[in-house]
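Scroll down for the structure; my scribbles are underneath it.
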Amino acid sequence: MLISNKIKLMVAVTLAFWSHFIHADFELGMNYYNAGNFESAYKEFYEAARYGDHDAQNNIGVMYYRGEYQPKNITLSYAWMALAAQNEPATDTALHNKILAKMTDAEQKIAKEEFQKLLAEYGDAAIEEKLTPAFSGTSLDVKSQRAIKRVPPRYPDAMLQQRASGFVDMVFTIDKHGFTRDHTPTYSVSTSFTKAAITALRQFQFEPMKVNGKPVDVNGMRMRFTFEIQGNSYSKSKLDKTIVDMREKAESGSDKDKLGYAYFLELLPSFASDYKIDDNPNKWYVEAANQGNGVASYFLGRNILYGNMCTQDSAQSMGWLLKAAKSGVVDAQYMLAIESFSGARFEKNEDKAFYWLTRSATTSPSAKLRYAWILATHPNTKRRDGKLANQYLSQIAKNHLDRQTYLRTHAAVAAENGDFRKAIKWQKQALKDAQELDLPDEYLQQQLASYSAQKPWREEI
C-alpha cells in the first residue's frame, strides 16, 4: 500500500511538471529537458524562478523531487512548490502539502524553514522590491545617443495643401555602425506623414554606443516627428493641461492609463525639448507593470538596461524583459535575443538568443530580417542555414520600411546560397540607397568586394 501511494504521488508530481511546463510555454527548457540536458533545463527554470515566475518555481520543485540534475531532496521540493503556490488557497490536497504529509516531523520542520528562506528571497513581495529601479532624472534615450547627422522630415505636399498637421511616433534601432534600422511606426495620423518621417529617420546617423569598448546595438529607441504648418511649436498651457489630465487619469485609472501617461512623458523631449518634466516615466511604468501590463514591463526593462531615468541594472532589466516576453510582447523577445547574442549587457548565450529570435520572428518583420541575416552570415557553420534564411526572407514585404537592411540581407542570403550574381545585384542596390541617403558606404563596399570575390559575408554578432 505504501509503495502504491508513493507511485501515485510520483505520477501526480510528473503530471504537475508537464501541466505547468506547457502553461509556462518554456520551450527552451522543454528542449533541454527532452534532450536529457537537465542541467541546462534547471538553469533556465532557476533564472525565471528568481524573477518570481511561479511556473518555473514549481518546475524546480518537481526536479528536486525527481532528482534531476540536483540530488533528490523532498524538503527543497516542497519549499519550491510551496513558493510557486504562495498565492493559492492552502488545502491538504495541494501537491506540495501532499509531499509534506509524507515527511517525518523533523523533515517537515526543515521543509518549512527552507520555504521561509525562499519566500524571503523569491516571494512576490521580495521580487517586487528587487525589481524596482532607482529613479534618477529625466535623461531620455535620444539625448544619450549623440547624433552625427539629423534630417528634418519634408512636409508632404498634399498635407501642406490641405493645411493638415499631425505627428508620427517611431520606434527604431541604432545599430553598431550608428545607422538606424528596424523602423516601426507605432502611431500616425497619416501614411503621408509616416513615409516622410521614415525617409528622414533613415538618413539619421548616430555615434555608436560602446559597452566595454565594443560597439553595440541600441534597441527600442523612440522619437516623435511633429508636422505643423507654423513649425514645430507647441502651446505650453495646452500641454500643461494635457499632462495634468493624463496624470489624474493615471492615478485613478487602469494599467493602460498609467502606461499611456508614462509613454507620453517619455516622448515629450522629442517634440518639446525645452519643456520641463517633473514626473519620472519609469515610476508609472512600474505601477502599470505591477498590474500585469506586459508592454509597460518591456519599456521599463529597456530603460533599466540603458539607464534611462534610472540606475542601469542588467539583472533588473532581465527580470522585466522576461515578464514582458512571457506575456507575448514581441519587442521584448527581440531585445532578449539581440542582447543574448551580443553579450555586452547580458550573459552571451546563443541558444537563448536563437530561441527568443525564433519566437519574435513568428510575427515581427524586423526579427525575420535579423534572423535571416544571422542564418546567412554567422561564422559558425552549424548555425548557418541559407535555405531557412531564404524562407524567412521570402516572408518580408517588398516595400519593407527598413529598405537598407532589406537589401543587404537579400545580398547576404543570396551569397550564402551560392548565387553571387544576385548577391552583387542586391548589394549594389543597397549601395545606391545609402548614397541617396548620404550615408557612409565603406561597410557596404566591403560586403560588395566579398561577393565579387565569390565569398559569402561572415560577421560576428
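We use all heavy atoms of the structure for the numbers below, so side chains are in, but hydrogens, waters and symmetry mates are not.
- By the 6.0 Å contact criterion, NZ on K210 is open, its count of non-hydrogen atoms from other residues, nucleotides or ligands being 12 or less.
- Closest heavy-atom contact between T362 and K368: O-NZ, 3.5 Å.
- Legend: residues meeting side chain to side chain donor-acceptor pair (under 3.5 Å) with E207, ordered by chain and number and at least two apart, are R146.
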Stepwise ring-ring contact (aromatic ring centres under 6.0 Å, His included) test for Y32 and Y42: CA-CA 9 Å; Y32 286 136; Y42 178 90; over 10 Å; no
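- Between F354 and F341, the gap from one ring centroid to the other is short of 6.0 Å.
- No donor-acceptor distance shorter than 3.5 angstrom exists from the side chain of E416 to the backbone of D385, with no hydrogens or angles considered.
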query: Is there a side chain to side chain donor-acceptor pair (under 3.5 Å) between Y263 and T186 once you walk through the steps?
result: CA-CA 12 Å; Y263 186 79; T186 58; 3.3 Å; yes
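- In this structure, the separation between OH on Y406 and CD1 on I396 is 8.0 Å, given to the nearest 0.5 Å.
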- prompt: So Y46 and Y122, side chain to side chain donor-acceptor pair (under 3.5 Å) or not? Walk me through it.
  reply: CA-CA 11 Å; Y46 183 77; Y122 302 127; 2.5 Å; yes
task: Decide side chain to side chain donor-acceptor pair (under 3.5 Å) for E350 and N380; before the verdict, give the C-alpha distance in whole Å, the side-chain angles of both, and the deciding distance to 0.1 Å.
output: CA-CA 11 Å; E350 288 205 347; N380 189 335; 5.8 Å; no
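- Taking the six-membered ring for Trp and thresholds of 30 and 60 degrees, F227 and F193 have nearly parallel ring planes, at less than 30 degrees apart.
- Ring-plane geometry between W426 and H410 is classed as parallel, the angle between the planes falling under 30 degrees on a 0 to 90 degree scale with a further cut at 60.
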